[in-house]
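Both counts, for ligands and for their atoms, begin at 1 and track the order of listing. In what follows, residues are counted from 1 in the order of the sequence shown.
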Amino acid sequence: MKLYSQKTIKQIIDAFGFQFSKSLGQNFLTDYNIVRKIVEVADIENKYVLEIGPGIGTLTDEIRKSAKKVVSVEIDNDLIPILFSNFSGIENVKIIHKDFLKINLEKLCNDEFSGEKFSVVSNLPYNITSPVIEKLLKSNTKIEKMTLMVQKEMAMRMLAKVNEKNYSSLSLLVCFYSKAEMKFKVPNTVFIPKPKVDSAVVTMIPELYDETVNRNLLNDLIRAAFNKRRKTILNSLSDIEEKENLKEIFKSLNLNENLRSENLNIDDYINLANEIEKKRQ
Ligand code: SAM
């Protein structure tokens, strides 16, 4: 079945009385070239694959042709009978009816992939992109590569560099936990229903930027800095550490107290975390 064809999607929707949910970020792919390109970029020949949000299974169907096994996690009750019907009898596809954000990822990987390495491929629901990326990057699993379609603006935030307009806590998270790359842009015309904005496909290969820093402290610093991004970094971090200590640390690191969150790169945040840790010992 051509699950990417508008005609097939409409037939399935009618047959099951399915209605698109905006709050679940449901925009289904309708272009085979894009589906093919995502799977090509993902490079999943004979690999284990985790898919988040299969919809009616358009991407799933292309993934299962080359993957060893694909496990697709879908939250929507109404899509489950459609997915079971589309993949009945196909042995290397497993549908799991759950909220990906609530799933125990470590357990899932042990149960479904025997704890071995796997890749993630997803056309992500736009409303939960950040928490999904955070969950994947911070997970204690053997992710080999992530190939994710996200809104174009989100891709820009993920890949932004220090002092750029889109630089955010997400940029730092992505940079700390992975090597990320923009692969290609996707116009909004290839989805049903058509979203307002274009999308982009980004890959991330997990790789820790620094193994020794206290990651919880680094995380707290970045969060605090970007929560109050209009304030100077010294003021935003004063909830985490005493101002006098911070002043000394800034001086020792040769950092200007009047800088703001967007002016500090990952090394600056790591140095701050290390110095604060030292003061606390
Ligand atoms: N993969 C399909 C495609 O490309 O045509 C659908 C992608 S659509 C952008 C996002 C999918 O994620 C929808 O099927 C939606 O129901 C599902 N979804 C939304 N929130 C979810 C969650 N928390 N856990 C699992 N799936 C979710």
Side-chain angles (χ1 to χ4, degrees), residues 1-13 16-42 44 49-65 67 70-87 93-105 108 112 119-136 139 146-155 183-184 186-202:
M1 228 188 328
K2 293 177 175 166
L3 293 175
Y4 50 83
S5 118
Q6 294 244 16
K7 199 172 147 209
T8 313
I9 296 176
K10 281 186 183 141
Q11 277 169 356
I12 291 175
I13 286 172
F16 284 86
F18 176 75
Q19 288 188 332
F20 287 100
S21 154
K22 209 173 170 191
S23 66
L24 291 178
Q26 291 176 340
N27 301 98
F28 296 171
L29 270 166
T30 61
D31 183 316
Y32 184 64
N33 287 328
I34 302 291
V35 171
R36 190 64 237 133
K37 239 170 130 178
I38 295 172
V39 174
E40 250 168 50
V41 162
I44 48 157
V49 177
L50 170 69
E51 185 193 17
I52 300 147
I56 60 161
T58 310
L59 203 48
T60 325
D61 197 35
E62 196 59 24
I63 297 169
R64 62 104 190 151
K65 289 182 194 163
V70 51
V71 173
S72 300
V73 181
E74 174 57 60
I75 196 174
D76 190 348
N77 289 334
D78 297 343
L79 286 169
I80 299 303
I82 301 180
L83 286 162
F84 278 137
S85 147
N86 287 345
F87 295 102
V93 176
K94 168 121 184 217
I95 306 297
I96 295 187
H97 180 202
K98 278 205 172 122
D99 177 347
F100 177 73
L101 293 176
K102 294 195 182 140
I103 220 160
N104 179 335
L105 196 52
L108 180 145
E112 303 296 338
S119 293
V120 180
V121 182
S122 175
N123 169 13
L124 281 178
Y126 70 93
N127 42 335
I128 55 163
T129 307
S130 290
V132 169
I133 291 175
E134 183 163 356
K135 177 165 179 152
L136 290 170
S139 82
M146 293 167 248
T147 306
L148 307 176
M149 176 138 72
V150 299
Q151 287 194 338
K152 205 173 83 196
E153 285 66 25
M154 181 59 77
K183 287 298 179 183
F184 58 92
V186 181
N188 64 348
T189 48
V190 303
F191 300 94
I192 178 171
K194 187 172 122 183
K196 288 203 177 78
V197 296
D198 292 337
S199 295
V201 171
V202 174

Undergrad: Please check: side-chain N/O of H97 versus main-chain N/O of V73, any donor-acceptor pairing under 3.5 Å?
TA: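 Answer holds: no.
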Undergrad: Can you tell which of S72, P125, G25 gets a heavy atom nearest to atom 9 (C) of ligand 1?
TA: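 Among S72, P125, G25, the closest heavy atom to atom 9 (C) of ligand 1 belongs to G25.
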Undergrad: Measure the distance from atom 24 (N) of ligand 1 to every protein heavy atom, then report the residue, atom name and distance (to 0.1 Å) of the closest one.
TA: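 Among all protein heavy atoms, the one nearest atom 24 (N) of ligand 1 is F100 N, 2.9 Å.
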Undergrad: If every non-hydrogen atom of S21 is compared with every non-hydrogen atom of Q26, which pair is closest and at what distance?
TA: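 Looking at all heavy atoms of both residues, the closest pair is N-OE1, 2.7 Å.
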Undergrad: Identify the heavy atoms of V120 and L148 that sit nearest to each other, and give their distance.
TA: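 Closest pair (atom of V120, atom of L148, distance): CG1-CD2, 4.1 Å.
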Undergrad: Report the nearest protein non-hydrogen atom to atom 23 (N) of ligand 1: residue, atom name, distance rounded to 0.1 Å.
TA: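 Going atom by atom, the protein heavy atom closest to atom 23 (N) of ligand 1 ends up being D99 OD1, 2.8 Å.
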Undergrad: Of the non-hydrogen atoms in F20 and I192, which two are nearest, and what is the gap between them?
TA: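 Heavy atoms only, the tightest pair is CE2-O, 3.5 Å.
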Undergrad: Which of the numbered atoms in ligand 1 are below 4.0 angstrom from a heavy atom of I128?
TA: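 Once the distances to I128 are compared, the set is 20 (N), 21 (C), 22 (C), 23 (N).
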Undergrad: At their closest point, which heavy atom of S122 faces which heavy atom of I52, and how far apart are they?
TA: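 In terms of heavy atoms, the two residues are closest at OG-O, 2.7 Å.
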Undergrad: Just to be sure I'm reading this right: ignoring hydrogens, which of G53, S21, S23 gets closest to atom 1 (N) of ligand 1? Compare them by their nearest heavy atoms.
TA: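 When every heavy atom of G53, S21, S23 is considered, G53 comes closest to atom 1 (N) of ligand 1.
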Undergrad: Looking at OG1 of T129 and CG of L124, how far apart are the two atoms once the value is rounded to the nearest 0.5 Å?
TA: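 Rounded to the nearest 0.5 Å, the OG1-CG separation comes to 5.0 Å.
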Undergrad: Without swapping roles, check the side chain of N27 against the backbone of P193 for a donor-acceptor pair under 3.5 Å.
TA: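 Pair found, side chain donor or acceptor close to backbone of P193.
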Undergrad: Please confirm whether E51 approaches ligand 1 to less than 4.0 Å, judged on its heavy atoms.
TA: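 Yes, E51 has heavy atoms under 4.0 Å from ligand 1.
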Undergrad: Which residue supplies the protein heavy atom nearest to atom 4 (O) of ligand 1, what is that atom called, and how far is it?
TA: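 Atom 4 (O) of ligand 1 sits closest to the protein heavy atom N123 ND2, 2.8 Å.
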Undergrad: Quick one: look at K98 and ligand 1, take heavy-atom pairs under 4.0 Å, and tell me if it's side chain, backbone, both or neither.
TA: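 Backbone only.
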Undergrad: Checking T30 side chain against V190 main chain: does a donor-acceptor pair fall under 3.5 Å?
TA: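 Yes, because the side chain of T30 sits within donor-acceptor range (under 3.5 Å) of the backbone of V190.
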Undergrad: If you count the atoms of ligand 1 from 1 in the order shown, which ones are under 4.0 Å from a heavy atom of Q26?
TA: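 With Q26 as reference, the close atoms of ligand 1 come out as 13 (C), 15 (C), 16 (O).
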Undergrad: Check each atom of ligand 1 against the heavy atoms of N27 and keep those under 4.0 Å away; list them by number with element.
TA: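 Checking each atom against N27, I get 7 (C), 8 (S), 9 (C).
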Undergrad: Identify which of I75, N127, L79 has a heavy atom lying nearest to atom 18 (N) of ligand 1.
TA: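 Looking at heavy atoms only, I75 sits closest to atom 18 (N) of ligand 1.
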Undergrad: Considering non-hydrogen atoms of the protein only, which is the closest contact for atom 19 (C) of ligand 1, and what is the distance?
TA: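 Checked against all protein heavy atoms, atom 19 (C) of ligand 1 sits closest to L24 O, 3.2 Å.
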Undergrad: In plain terms, say whether E40 and K37 are close enough for a salt bridge, that is, a side-chain N and a carboxylate O under 4.0 Å apart.
TA: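 No salt bridge links E40 with K37.
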Undergrad: Decide if atom NZ of K7 counts as having more than 12 heavy atoms of other residues, nucleotides or ligands within a radius under 6.0 Å.
TA: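 No, not enclosed.
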Undergrad: Enumerate the atoms of ligand 1 whose separation from the nearest heavy atom of V73 is less than 4.0 angstrom.
TA: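 Checking each atom against V73, I get 25 (C), 26 (N).
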Undergrad: If we only count N/O pairs under 3.5 Å, is L101 in contact with ligand 1?
TA: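 Such a contact does not occur with ligand 1.
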Undergrad: Considering heavy atoms of the protein only, find what lies nearest to atom 14 (O) of ligand 1 and give residue, atom and distance to 0.1 Å.
TA: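 The closest one turns out to be E74 OE1, 2.7 Å.
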Undergrad: In terms of residue, atom name and distance, what is the protein heavy atom nearest to atom 5 (O) of ligand 1?
TA: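 It is L29 N, 2.9 Å.
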Undergrad: Where's the contact between P54 and ligand 1, heavy-atom distance under 4.0 Å: side chain, backbone, both or neither?
TA: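 Only the backbone of P54 comes within reach of ligand 1.
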Undergrad: Knowing that exactly one of D99, L79, T60 qualifies, which makes a side-chain contact (heavy atoms from CB on, under 4.5 Å) with E74?
TA: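 In the set D99, L79, T60, the residue that makes a side-chain contact (heavy atoms from CB on, under 4.5 Å) with E74 is L79.
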